[in-house]
Amino acid sequence: MCGRFSFSPLTKIIEDRFDVKVDPSQYKQRYNCAPSQNLAVISNNRSEELSFYRWGLIPLWAKDKSIGNKMINAKAETITEKASFKNSFKRKRCLVLSDGFFEWKKINPKEKIPYRIKMRDDSLFAMAGIWDTWKNEESDYINSFAIITTVPNDLMENIHLRMPVILERKDEQNWLHDNNPDILKTLLKPYAAELMTAYPISTLVNSPTNDSPEILNPVEYLF
DNA sequence: CCAGACGTTGTT
DNA sequence: GTCTGG
DNA sequence: CCAGACGTTGTT
DNA sequence: GTCTGG
């Protein structure tokens with residue numbers, strides 16, 4: 001699964017790496033991105049700029065936006081079959097930008113330890129996302145997204161049963177602009193484990209109200 | 001046809 | 001909106 | 001994902 | 001226990 005991540009590069013780094021324009025009044029470095037927050041994405045319908053969408057997909061037909069609290073992930077294996085996701089998969093895809101994500105490893109029925117997972121070379125990456133637009137009773141529009149998950153690779157297997165789909169850099173533009181569903185599905189696979197690394201961090205990350213760089217620091221746990 | 005659900009993860 | 005279940 | 005709330009009536 | 005909010 002993927003229920004929390006970070007994205008904290010400086011504006012110029014983002015513009016160079018992803019070839020987008022970043023509005024500095026909207027962007028802010030984030031160390032603990034949580035569901036329901038507006039987070040940095042690149043959408044297929046505005047791929048020249050960095051957009052901010054709400055995490056937790058609210059489908060077009062939703063009566064209440066709270067449904068989005070449950071729709072934070074979409075399983076790659078079934079995304080083309082689910083009524084809530086298939087339409088977005090066809091026409092509304094996005095890149096969810098990140099420099100690392102968090103998973104809680106269950107060490108016994110009562111205890112869990114948070115881990116940070118990132119690229120070995122600290123590079124930025126894009127997770128595969130789908131989005132939708134929803135209108136509330138006051139006719140305010142909300143753009144929201146879900147992160148696609150897949151089976152774990154050899155690194156993630158030790159931590160969790162699922163992991164987010166991380167796109168190879170060469171596939172990022174294809175995910176946004178290729179509309180062939182068969183090709184799109186081939187992009188939804190586990191990322192190469194040898195390019196990634198993971199380490200335990202403190203439970204500071206547990207509360208979404210903590211959003212400071214210290215969250216990323218390694219911590220030793222004694223058993 | 002209409003009514004009702006529409007999700008993932010983890011645990012039992 | 002679109003699919004499943006009755 | 002985790003944390004924190006979870007309710008109504010009537011009165012101020 | 002289960003839902004909502006972040």
Side-chain angles (χ1 to χ4, degrees), chain A residues 1-7 28-41 52-92 96 98-118 127-136 141-153 156-166 181 188 190 198-212 214-216 219:
Chain A
M1 191 175 194
C2 182
R4 220 71 82 73
F5 64 94
S6 58
F7 187 57
K28 140 173 180 299
Q29 292 174 285
R30 293 295 314 274
Y31 305 93
N32 196 1
C33 300
S36 82
Q37 298 173 345
N38 288 320
L39 303 169
V41 303
F52 293 86
Y53 287 5
R54 180 188 171 103
W55 187 7
L57 190 133
I58 308 168
L60 181 69
W61 43 262
K63 296 215 166 39
D64 190 271
K65 71 177 175 181
S66 67
I67 194 170
N69 296 333
K70 301 173 183 174
M71 309 279 208
I72 66 173
N73 293 134
K75 279 185 86 165
E77 297 91 324
T78 55
I79 195 169
T80 53
E81 300 159 19
K82 300 290 182 181
S84 303
F85 296 145
K86 60 193 305 181
N87 220 50
S88 291
F89 176 76
K90 274 191 215 153
R91 296 286 166 219
K92 297 174 178 174
V96 183
S98 175
D99 53 20
F101 60 94
F102 307 116
E103 298 283 3
W104 282 257
K105 174 176 179 167
K106 195 153 254 202
I107 56 171
N108 65 49
K110 286 188 170 173
E111 293 174 277
K112 57 199 166 191
I113 292 177
Y115 279 74
R116 178 166 192 250
I117 300 96
K118 66 176 189 68
M127 299 183 283
I130 52 175
W131 62 276
D132 207 346
T133 300
W134 179 77
K135 186 173 79 162
N136 68 13
Y141 288 90
I142 298 180
N143 292 319
S144 60
F145 70 94
I147 296 173
I148 301 175
T149 63
T150 185
V151 291
N153 60 24
M156 290 304 300
E157 215 162 41
N158 302 314
I159 301 172
H160 210 69
L161 296 168
R162 304 286 298 172
M163 69 179 287
V165 170
I166 297 170
L188 304 181
Y199 60 88
I201 57 174
S202 88
T203 53
L204 257 186
V205 71
N206 287 19
S207 176
T209 58
N210 297 325
D211 190 30
S212 61
E214 301 85 72
I215 282 178
L216 310 185
V219 169

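When reading the values below, keep in mind they use all heavy atoms of this one structure, side chains included, and skip hydrogens, waters and symmetry mates. Here is how names work: the chains are called A, B, and so on, in the same order as the sequence lines, proteins then strands, and each is numbered from 1.
Contact detail for A:G68 and A:I58: the closest heavy-atom pair is CA-CG1, 4.0 Å.
Nucleic acid contact for A:T78: sugar-phosphate only, since backbone atoms but no base atoms lie under 4.0 Å from a heavy atom of the residue. Residue A:F85 is in sugar-phosphate contact alone, with no base atom involved, counting any heavy-atom pair closer than 4.0 Å across all strands shown. Here A:N69 lies in heavy-atom contact (under 4.0 Å) with a base. Using a 4.0 Å heavy-atom cutoff across all strands shown, A:K70 reaches at least one base atom of the nucleic acid. Contact annotation for A:R162: backbone-only contact, meaning every heavy-atom pair under 4.0 Å involves sugar-phosphate atoms and none involves a base.
Residue pairs meeting the side-chain hydrogen bond (donor to acceptor under 3.5 Å, both in side chains) criterion with at least one member in residues 28-40 of chain A, sequence neighbours excluded, are A:R4-A:N32, A:R30-A:Q37, A:R30-A:D211.
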Quick one: which protein N/O atoms are closer than 3.5 Å to N/O atoms of nucleotides 2-6 of chain C? Pair and distance per line, please.
from: C:dC3; atom 1: OP1; to: A:K86; atom 2: NZ; distance (Å): 3.1

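Scanning for side-chain hydrogen bond (donor to acceptor under 3.5 Å, both in side chains) contacts around A:E157 gives an empty result, with sequence neighbours left out. The side-chain hydrogen bond (donor to acceptor under 3.5 Å, both in side chains) check on A:S66 picks up A:D64, with sequence neighbours excluded. Qualifying side-chain hydrogen bond (donor to acceptor under 3.5 Å, both in side chains) partners for A:K75, counting only residues two or more places apart in sequence or in other chains: none. With sequence neighbours excluded, the residues satisfying ring pair (Phe, Tyr, Trp, His ring centres under 6.0 Å) with A:F5 are A:W55. When the side-chain hydrogen bond (donor to acceptor under 3.5 Å, both in side chains) test is applied to A:R162, the partners found at least two apart in sequence or on another chain are A:E77, A:T149.
Comparing B:dC6 with E:dG6, their P atoms sit 25 Å apart, to the nearest whole Å. The gap from the C1' atom of B:dG7 to that of E:dC3 amounts to 15 Å, rounded to the nearest Å. Only the P atoms considered, D:dT8 is 15 Å distant from E:dG5, to the nearest whole Å. Separation of the P atoms belonging to B:dT9 and D:dG4 is 25 Å when rounded to the nearest angstrom. E:dT2 and D:dG10 are spaced 29 Å apart, taking the C1' atom of each and rounding to whole Å.
Distance CG/A:N69 to CZ/A:R54: 6.5 Å, rounded to 0.5 Å. If you take CZ on A:F102 and CD1 on A:I215, they are separated by 6.0 Å, rounding to the nearest 0.5 Å. Note that the CH2 atom of A:W134 and the CG atom of A:L60 stand 11.0 Å from one another [nearest 0.5 Å]. If you take CD1 on A:I72 and OG on A:S144, they are separated by 12.5 Å, rounding to the nearest 0.5 Å. A distance of 6.5 Å separates NZ in A:K118 from OH in A:Y199, rounded to the nearest 0.5 Å. Atoms CG and OG1, from A:N210 and A:T203 in turn, are 9.0 Å apart once rounded to the nearest 0.5 Å.
Proximity of residues 199-210 of chain A to DNA chain D (heavy atom under 4.0 angstrom from any strand atom) is restricted to A:N206, A:S207. Contacts with DNA chain B (heavy atom under 4.0 Å) in residues 55-65 of chain A: A:W61, listed by number.
Pairing analysis of DNA chain D (Watson-Crick: purine N1 to pyrimidine N3 plus N6-O4 or O6-N4; G-U wobble: N1-O2 and O6-N3; both under 3.5 Å) yields stems of 3 or more pairs at D:1-6 with E:1-6.
Under the side-chain contact (heavy atoms from CB on, under 4.5 Å) test applied with A:I147, the options A:N73, A:V41, A:V165, A:I130 reduce to a single match, A:N73.
Bracketed by its first and final contacts, the part of DNA chain D lying under 4.0 Å from non-hydrogen atoms of chain A reaches from D:dC1 to D:dA3 in 5' to 3' order.
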Show me, pair by pair, the donor-acceptor contacts under 3.5 angstrom made by side chains of residues 78-88 of chain A, not counting sequence neighbours?
from: A:S88; atom 1: OG; to: A:W131; atom 2: O; distance (Å): 2.7

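Side-chain contact between A:C2 and A:M163 is absent, with no heavy atoms from C-beta onward closer than 4.5 Å.
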